[in-house]
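Notes follow once the structure below has been shown.
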Amino acid sequence: MSIYGAQSADTPKYQDEAREYDAILVMSFGGPEGPDDVMPFLENVTRGRNIPRERLLEVSEHYQHFGGVSPINDQNRALIAALEEELKDNGPDLPVYFGNRNWHPMITDTLQQMKDDGIKHALAFFTSSFSSYSGCRQYREDYGVALEKLGLQDRMRIDKIRQFFDAPGFV
C-alpha cells in the first residue's frame with residue numbers, strides 16, 4: 001500500500017496489514033449454469049421485488065438462447081485460477097474462495113466453508129468494477145447478513161478492495 005494519505009513523513013511507506021489476511025474472497029453476482037437453473041436463479045435475484053411471473057418467463061427465454069448458462073461463473077473460475085497461479089508463483093500463499101450473491105456457490109455456503117477452514121480475516125474482491133448500490137453496497141450487505149446468519153460477525157473479518165473502474169490497468 002502506498003503512502004497516499006499519510007499524516008506525516010514518519011508514517012511508514014508501506015503497511016504490512018496484507019500479511020494479516022488468511023484468505024481471499026472473490027464475490028460475484030452469480031448466474032445459472034443450465035436450463036433448470038434459470039427460473040430459480042431469476043426468482044432469487046428478484047425476490048421481494050414483486051416482479052410478475054410473465055416478466056421472469058420473458059427474461060428466462062433470453063438465457064435459454066444460450067443453453068440456460070450465464071458465462072459469469074466460468075469467467076470467475078478462470079479469474080480465480082489465474083489468481084491462484086499468481087499467488088503460487090509470487091505469493092502470498094493464501095487460499096482463494098468463491099461466493100455469489102444470487103447463485104451457487106452462495107456466499108453463506110462459502111463463508112461456512114471459510115469458517116470450517118479456520119479463516120479469520122479475508123480480503124474480498126467484488127467483481128463489479130463500479131460503485132453503486134447493487135454493485136457494491138448490496139454485496140457488503142449480503143456478506144454481512146451471511147456472517148450474522150452463521151454467527152460470525154465478531155469472529156470473521158472481511159475487508160473489501162476498492163472499486164476498480166478507474167484503475168489504470170482496468171481502463
Is [X] reaching over with its side chain to a backbone N or O of [Y], donor-acceptor style, under 3.5 angstrom?
{"X": "Arg157", "Y": "Gln153", "value": "no"}
{"X": "Asp159", "Y": "Leu123", "value": "no"}
{"X": "Ser60", "Y": "Leu56", "value": "no"}
{"X": "Asp22", "Y": "Ile119", "value": "no"}
{"X": "Arg47", "Y": "Asn44", "value": "yes"}

Should [X] and [Y] be regarded as members of a common hydrophobic cluster, given that ILVMFWY residues are connected when their side-chain heavy atoms come within less than 4.5 Å of each other, either directly or indirectly?
{"X": "Val69", "Y": "Ile80", "result": "no"}
{"X": "Tyr21", "Y": "Ile161", "result": "yes"}
{"X": "Trp103", "Y": "Phe66", "result": "no"}
{"X": "Met106", "Y": "Leu147", "result": "no"}
{"X": "Val38", "Y": "Leu57", "result": "yes"}

| Can you list the steps and then say if Ile107 with Arg101 is a side chain to side chain contact (heavy atoms under 4.5 Å, CB included)? | CA-CA 6 Å; Ile107 189 60; Arg101 289 184 47 228; 5.9 Å; no

| task | Could you tell me whether Glu43 and Arg53 make a salt bridge, using a distance below 4.0 angstrom between a side-chain N and a carboxylate O? | result |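 Yes, this pair counts.
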
| task | Would you sort out whether Met114 and Lys120 count as a side chain to side chain contact (heavy atoms under 4.5 Å, CB included), showing the intermediate values? | result | CA-CA 8 Å; Met114 291 169 68; Lys120 303 272 190 235; over 6 Å; no

Enter the distance from [X]:[atom1] to [Y]:[atom2] here, rounded to the nearest 0.5 Å.
{"X": "Glu148", "Y": "Asp154", "atom1": "CD", "atom2": "CG", "value": "9.5 Å"}
{"X": "Glu85", "Y": "Lys88", "atom1": "CD", "atom2": "NZ", "value": "4.5 Å"}
{"X": "Met27", "Y": "Arg140", "atom1": "CE", "atom2": "CZ", "value": "11.0 Å"}

Do the side chains of [Y] and [X] get nearer than 4.5 Å, heavy atoms only?
{"X": "Leu83", "Y": "Leu79", "value": "no"}
{"X": "Ser28", "Y": "Ile72", "value": "yes"}
{"X": "Val26", "Y": "Phe126", "value": "no"}

Ignoring hydrogens, what is the shortest heavy-atom contact between [X] and [Y]? Give both atom names and the distance.
{"X": "Leu94", "Y": "Ala23", "result": "CD2-N, 3.9 Å"}
{"X": "Pro105", "Y": "Thr110", "result": "CB-OG1, 4.0 Å"}
{"X": "Gly67", "Y": "Pro35", "result": "O-CD, 3.2 Å"}
{"X": "Glu33", "Y": "Asp74", "result": "OE1-OD1, 4.5 Å"}
{"X": "Phe41", "Y": "Gly30", "result": "CE1-O, 3.4 Å"}
{"X": "Glu58", "Y": "Arg55", "result": "OE1-NH1, 3.0 Å"}

| field | Arg77 to Phe98, cation-pi by 6.0 Å centre distance and 45° axis angle | value |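 Verdict for Phe98: no cation-pi partner in Arg77.
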
| message | Is the terminal nitrogen or CZ of Lys160 (NZ for Lys, CZ for Arg) located under 6.0 angstrom from the six-membered ring centre of Tyr139 and within 45° of that ring's axis? | response |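 No - Lys160 does not lie over the ring of Tyr139 by the 6.0 Å and 45° rule.
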
[X] and [Y]: side-chain donor and acceptor closer than 3.5 Å?
{"X": "Gln138", "Y": "Asp142", "value": "no"}
{"X": "Asp109", "Y": "His104", "value": "no"}
{"X": "Asn100", "Y": "Asn76", "value": "no"}

| said: A quick test of your reading: do over 12 heavy atoms of other residues, nucleotides or ligands sit less than 6.0 Å from CG of Asp93? | reply: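 Open: at most 12 neighbouring heavy atoms sit under 6.0 Å from CG of Asp93.
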
| task | Quick one: do Tyr63 and Ser70 satisfy side chain to side chain contact (heavy atoms under 4.5 Å, CB included)? Show the steps, please. | result | CA-CA 7 Å; Tyr63 281 99; Ser70 166; 3.9 Å; yes

| field | Test side chain to side chain contact (heavy atoms under 4.5 Å, CB included) applied to Tyr97 and Leu111, step by step | value | CA-CA 9 Å; Tyr97 293 85; Leu111 293 180; over 6 Å; no

| query | Applying the side-chain contact (heavy atoms from CB on, under 4.5 Å) test to Leu42, which of Ile51, Asp37, Asn102, Val59 qualifies? | reply |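 With Leu42 as partner, side-chain contact (heavy atoms from CB on, under 4.5 Å) holds for just one option, Val59.
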
